[in-house]
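Okay, structure first, notes after.
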Amino acid sequence: MPITIRIRRDLIEDLPVIGDLLREAEREAIEKGVEKGLKKGLKEGLQKGMQKGIKEGLQKGLQEGLVKAKQEDIIKVLEAKFGKLSKTINSKIKKINDLNKLEALLLEAVKSESLEEFKTKL
């Protein structure tokens with residue numbers, strides 16, 4: 001039958017060799033725990049950061065794609081109605097990045113009776 005002996009910690013800490021070993025083991029355990037916690041925190045932080053970055057990147061890419069598509073739609077409508085556009089008009093349209101403004105300009109491109117009329121809205 002095994003025998004269990006319980007010794008109070010404060011009594012062991014006062015023993016010269018055993019107390020030093022106990023303190024060293026405790027210090028090492030704390031260091032390992034901190035290291036493990038830092039690694040886990042870093043890993044989780046990187047994962048969350050990457051997920052956030054990917055999400056923001058996708059949103060930005062989608063926004064840029066929508067803007068570019070609207071710009072191209074306006075140019076196509078104008079060219080279909082009025083022929084080849086000047087570089088100046090193309091450039092002005094491509095500088096606009098506000099989707100609401102581009103949507104309004106697309107409607108103006110469809111409704112305009114002349115290129116001069118559209119230019120007043122640009």
Taking atom CD1 of Ile75 and atom NZ of Lys84, what is their separation to the nearest 0.5 Å?
-> 9.5 Å
Please tabulate, one pair per line, all N/O donor-acceptor pairs under 3.5 Å involving side-chain atoms of residues 27-41, not counting sequence neighbours.
unit_1 : atom_1 : unit_2 : atom_2 : d
Arg27  : NE     : Glu24  : OE1    : 3.3
Arg27  : NH1    : Glu31  : OE1    : 3.2
Arg27  : NH1    : Glu31  : OE2    : 2.4
Arg27  : NH2    : Glu24  : OE1    : 3.2
Arg27  : NH2    : Glu24  : OE2    : 2.3
Glu35  : OE2    : Lys39  : NZ     : 3.3

Looking at CD of Gln51 and CD1 of Ile54, how far apart are the two atoms once the value is rounded to the nearest 0.5 Å?
-> 7.5 Å
Among Leu78, Leu105, Asp73, find the one that has a side-chain contact (heavy atoms from CB on, under 4.5 Å) with Ile93.
-> Leu78
Hey, is NZ on Lys81 packed in by over 12 heavy atoms from elsewhere, all under 6.0 Å?
-> yes
Can Ile96 be reached from Leu62 by stepping across I, L, V, M, F, W or Y side chains whose heavy atoms are under 4.5 Å apart?
-> yes
Could you tell me the separation between the CG atom of Leu66 and the CD atom of Gln71, rounded to the nearest 0.5 Å?
-> 11.0 Å
Under 4.5 Å between any side-chain heavy atoms of Asn97 and Glu64, yes or no?
-> no
Once you round to the nearest 0.5 Å, how far does CG of Leu42 lie from CD of Gln47?
-> 10.0 Å
Would Glu72 and Lys68 satisfy side chain to side chain contact (heavy atoms under 4.5 Å, CB included), going step by step from the backbone distance to the final call?
-> CA-CA 6 Å; Glu72 290 173 2; Lys68 186 170 177 120; 3.1 Å; yes
Indicate if Leu107 and Leu85 have the same hydrophobic cluster label, given that clusters are the connected sets of ILVMFWY residues with side-chain heavy-atom separations under 4.5 angstrom.
-> no
Rounding to 0.5 Å, atoms CD (Glu103) and NZ (Lys70) come to a distance of 3.5 Å
Donor-acceptor list for residues 110-122 side chains, cut-off 3.5 Å, not counting sequence neighbours:
unit_1 : atom_1 : unit_2 : atom_2 : d
Ser112 : OG     : Glu108 : O      : 2.6
Ser114 : OG     : Glu117 : N      : 3.0
Glu116 : OE2    : Lys119 : NZ     : 3.3
Glu117 : OE1    : Glu113 : N      : 2.9
Thr120 : OG1    : Glu117 : O      : 2.5

